[in-house]
Asker: 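The structure is given below, and queries will be raised subsequently.
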Amino acid sequence: MLYSGENTLCYAIPGKLVAIKGNIGVVDYFGEHRNVLIDTDAKVGEYVYAQGGVLISKVSKEEAEETLALWKEQFFALKKVDQKLSSVKKTGKESANTLAILQKVNVGKQLSKEDMLALLKLDNAAELKLVYDTANNLRQKRNDNACCVHGILEFSNYCKNNCHYCGIRKSSRIKRYRMTPDEIIAAAEHAVKELGFKAIVLQSGEDEWYDDERLARIVREIRAMGVLVFISIGVRSKETYKRLYDAGARAVLLRFETSNRKTFDALRPGTNLDERLELIKYAKKLGYILATGFIVGLPGETDEDLIDNILLTRSLGADMYSFGPLIPAEETPLEKQKPTTKEMLLKTIALTRFADPEAKILVTTAFETLDKDARREGLLAGANSLMLNITPVQFRKLYRIYPGRPDTDKKIEEGIKQTVELLYSLGRAPTDLGI
Ligand code: SAM
Ligand code: SF4
């Protein structure tokens with residue numbers, strides 16, 4: 001059964017704040033505890049909503065108890081489904097080396113680069129299944145069945161950059177759009193009030209039409225709706241990031257794209273890897289929840305590069321890993337590049353889980369473009385977070401960073417319904433993963 005509140009499907013359930021130490025709180029979900037950053041004036045004993053590891057709003061006792069009463073039975077039923085789906089069975093066809101590497105994972109040891117390379121080279125279906133199942137089992141043991149669901153609002157496809165992979169790069173001859181601040185706020189309000197979202201990701205090309213003043217107003221008004229505001233606006237000044245933090249943004253999505261300097265320089269003319277990394281570190285230092293990562297399958301990428309990308313994401317202190325396959329976009333210099341295989345993507349998820357067992361690993365929208373089952377398979381290979389597109393349909397078609405983006409004609413509600421069904425079929429619950 002899908003739980004639906006009055007008008008909204010539910011992808012966040014309230015919990016009770018049971019302890020506070022400094023700016024960290026402990027939230028209880030039916031006995032399961034998660035640490036969160038406190039960003040509201042809640043007191044111990046009050047009911048709250050947390051998203052992406054941030055305590056974002058309080059909820060009245062009556063409303064929380066009503067929601068929790070509806071949820072209780074389903075909460076434990078979902079856990080059972082997840083436990084069943086995350087068990088590991090060997091087939092006897094696995095090599096001794098693969099079994100030895102996975103045994104290290106099972107006993108909590110870190111894998112060496114050599115171990116990771118050996119797993120990346122696997123091509124036998126039985127062994128790969130064991131790798132994915134082991135990663136999924138680790139996810140279940142460390143994070144239980146919690147799954148974050150955030151809404152992404154793509155508010156402008158103008159960009160001053162010319163990244164070789166991106167369909168909205170400056171020289172693309174596409175129809176451009178900019179949502180006005182009022183349109184952005186209204187779209188976010190619809191997502192929050194009508195669709196029940198508790199976290200809004202504001203994404204755009206690097207578009208300086210949105211000056212600090214405009215961005216700060218958008219962030220402030222959306223934060224006032226009692227939700228987590230994520231920004232994904234590319235490289236802007238440190239002052240802009242500070243100003244938006246002060247306005248209430250608490251999470252940043254900014255990928256470094258590749259740790260390979262040569263590839264970065266070749267594919268992102270006029271931009272600089274060090275500058276991007278410095279901004280990512282600065283955002284983390286300011287206190288933002290950090291989502292960062294890379295593109296899988298850029299030209300010339302070696303297995304070593306892929307491992308370096310995972311390890312760099314970890315060393316940046318990512319709270320959430322965001323990576324996705326390269327999808328060659330028309331009329332870009334990478335138009336003829338081979339698309340990334342689903343297998344490579346699933347291996348990346350599993351290796352990321354092994355490298356950082358507590359991680360939030362995002363199944364990005366590009367997964368769906370790759371293959372209609374990729375989201376499900378990603379969630380079964382160690383991933384535990386999702387983003388859903390909440391951009392109004394008339395603009396969504398124009399945000400063509402790559403072709404074949406799913407749901408460009410579908411109403412937002414339909415996409416949500418399918419996602420919630422997918423999550424429940426896998427036994428995942430919308431409790432916050434904490435920090
Ligand atoms: N302009 C901001 C930036 O670059 O950080 C945010 C918007 S940008 C479209 C978001 C992400 O899209 C980038 O970080 C990049 O990894 C991804 N992207 C762009 N083109 C892509 C493609 N053809 N295939 C896969 N991912 C792509
Ligand atoms: Fe612009 Fe981001 Fe696309 Fe690069 S990836 S062209 S910065 S929108």
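Here the structure is a predicted model, which means the values were calculated and not measured. Every number for a ligand or one of its atoms is a count from 1 in the order of the listing.
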Asker: To the nearest 0.1 Å, how far is atom 19 (C) of ligand 1 from its closest protein heavy atom, and which atom is that?
Answerer: Tyr165 CD1, 3.7 Å

Asker: Under the criterion salt bridge (Lys or Arg N to Asp or Glu O under 4.0 Å), which of Glu331, Glu330, Glu154 is the partner of Arg400?
Answerer: Glu330

Asker: Could you list the atoms of ligand 2 found under 4.0 angstrom from a heavy atom of Cys159?
Answerer: 1 (Fe), 6 (S), 7 (S), 8 (S)

Asker: Enumerate the atoms of ligand 1 whose separation from the nearest heavy atom of Ser204 is less than 4.0 angstrom.
Answerer: 1 (N), 2 (C), 6 (C), 7 (C)

Asker: Select the closest option to atom 12 (O) of ligand 1 among Leu326, Thr271, Thr340, Ile401, judged by heavy-atom distance.
Answerer: Ile401

Asker: Determine whether any heavy atom of Pro328 lies closer than 4.0 Å to an atom of ligand 1.
Answerer: no

Asker: Phe256 vs Phe294 aromatic rings, parallel, tilted or perpendicular, using cut-offs 30° and 60°?
Answerer: tilted

Asker: Give me the nearest non-hydrogen protein atom to atom 10 (C) of ligand 1 as residue plus atom name, then the distance to 0.1 Å.
Answerer: Gln203 NE2, 3.7 Å

Asker: So, for Met116 and Ile307, which heavy atoms are closest and what is the spacing to 0.1 Å?
Answerer: CB-CD1, 3.6 Å

Asker: Can you find a heavy atom in the side chain of Leu37 that is under 4.5 Å from one in the side chain of Asn23?
Answerer: yes

Asker: Below a 4.0 angstrom heavy-atom separation, can you tell me which part of Ile401, side chain or backbone, both or neither, approaches ligand 2?
Answerer: neither

Asker: Note the single closest protein heavy atom to atom 25 (C) of ligand 1, along with its residue, its atom name and the distance in Å.
Answerer: Pro325 O, 3.1 Å

Asker: Check the pair Ser95 / Glu127 against side chain to side chain donor-acceptor pair (under 3.5 Å), numbers first and verdict last.
Answerer: CA-CA 8 Å; Ser95 74; Glu127 288 197 303; 3.0 Å; yes

Asker: Among all protein heavy atoms, pick the one closest to atom 3 (Fe) of ligand 2 and tell me residue, atom and distance.
Answerer: Cys166 SG, 2.4 Å

Asker: Any atoms of ligand 2 less than 4.0 Å from a non-hydrogen atom of Asn161? List them with their elements.
Answerer: 6 (S), 7 (S)

Asker: Which ligand 2 atoms, with their elements, are less than 4.0 angstrom from a heavy-atom of Ile168?
Answerer: 8 (S)

Asker: Report the nearest protein non-hydrogen atom to atom 24 (N) of ligand 1: residue, atom name, distance rounded to 0.1 Å.
Answerer: Ile327 N, 3.0 Å

Asker: With the threshold set at under 4.0 angstrom, would you say Gly293 reaches ligand 1 through any of its heavy atoms?
Answerer: no

Asker: Please determine if Arg250 forms a cation-pi arrangement with Tyr245, meaning its NZ or CZ atom is less than 6.0 Å from the six-membered ring centre and no more than 45° off the ring axis.
Answerer: yes

Asker: Within a distance under 4.0 Å of any heavy atom of Ile295, pick out the atoms of ligand 1 and give their elements.
Answerer: 15 (C), 16 (O)

Asker: For the pair Arg243 and Glu239, find out whether any cationic side-chain nitrogen is under 4.0 Å from an anionic carboxylate oxygen.
Answerer: no

Asker: Taking only heavy atoms of Ser232 into account, list the atoms of ligand 1 that are under 4.0 Å away from them.
Answerer: 6 (C)

Asker: Do me a favour and list the nearest non-hydrogen protein atom to atom 17 (C) of ligand 1 with residue, atom name and distance?
Answerer: Arg255 NH1, 3.8 Å

Asker: List every atom of ligand 1 that sits less than 4.0 Å from any heavy atom of Tyr399, numbering the atoms from 1 in the order shown and giving each element.
Answerer: 7 (C), 9 (C)

Asker: Does Gly205 come within less than 4.0 Å of ligand 1, judged by its heavy atoms?
Answerer: yes

Asker: Between Tyr241 and Leu244, is there a side-chain heavy-atom distance shorter than 4.5 Å?
Answerer: no

Asker: Side chain, backbone, both or neither: which part of Cys163 comes within less than 4.0 Å of ligand 2 when only heavy atoms are counted?
Answerer: both

Asker: With heavy-atom distances below 4.5 Å as the criterion, would you say the side chains of Arg217 and Asp182 are in contact?
Answerer: yes

Asker: Please check if any side-chain donor atom of Asn389 sits under 3.5 Å from a side-chain acceptor atom of Thr391, or the reverse.
Answerer: yes

Asker: Less than 4.0 Å between atom 1 (Fe) of ligand 2 and some protein heavy atom, yes or no?
Answerer: yes

Asker: What about the rings of Phe155 and Tyr210, do their centers lie closer together than 6.0 Å?
Answerer: yes

Asker: Charged N to carboxylate O under 4.0 angstrom, Arg178 versus Glu183?
Answerer: no

Asker: Would you mind running through ligand 2 and noting each atom that sits below 4.0 Å from a heavy atom of Gly205?
Answerer: 8 (S)

Asker: Ignoring hydrogens, what is the shortest heavy-atom contact between Ile361 and Gly382? Give both atom names and the distance.
Answerer: CD1-O, 3.8 Å

Asker: Per the side-chain contact (heavy atoms from CB on, under 4.5 Å) rule, which among Leu253, Leu254, Asp319 passes with Leu290?
Answerer: Asp319

Asker: Mark the output for Ala366 as yes if a heavy-atom distance to ligand 1 is under 4.0 Å, and as no if none is.
Answerer: no

Asker: Which of the listed options, Arg276, Glu257, Glu335, Glu206, holds the heavy atom that is closest to atom 5 (O) of ligand 1?
Answerer: Arg276

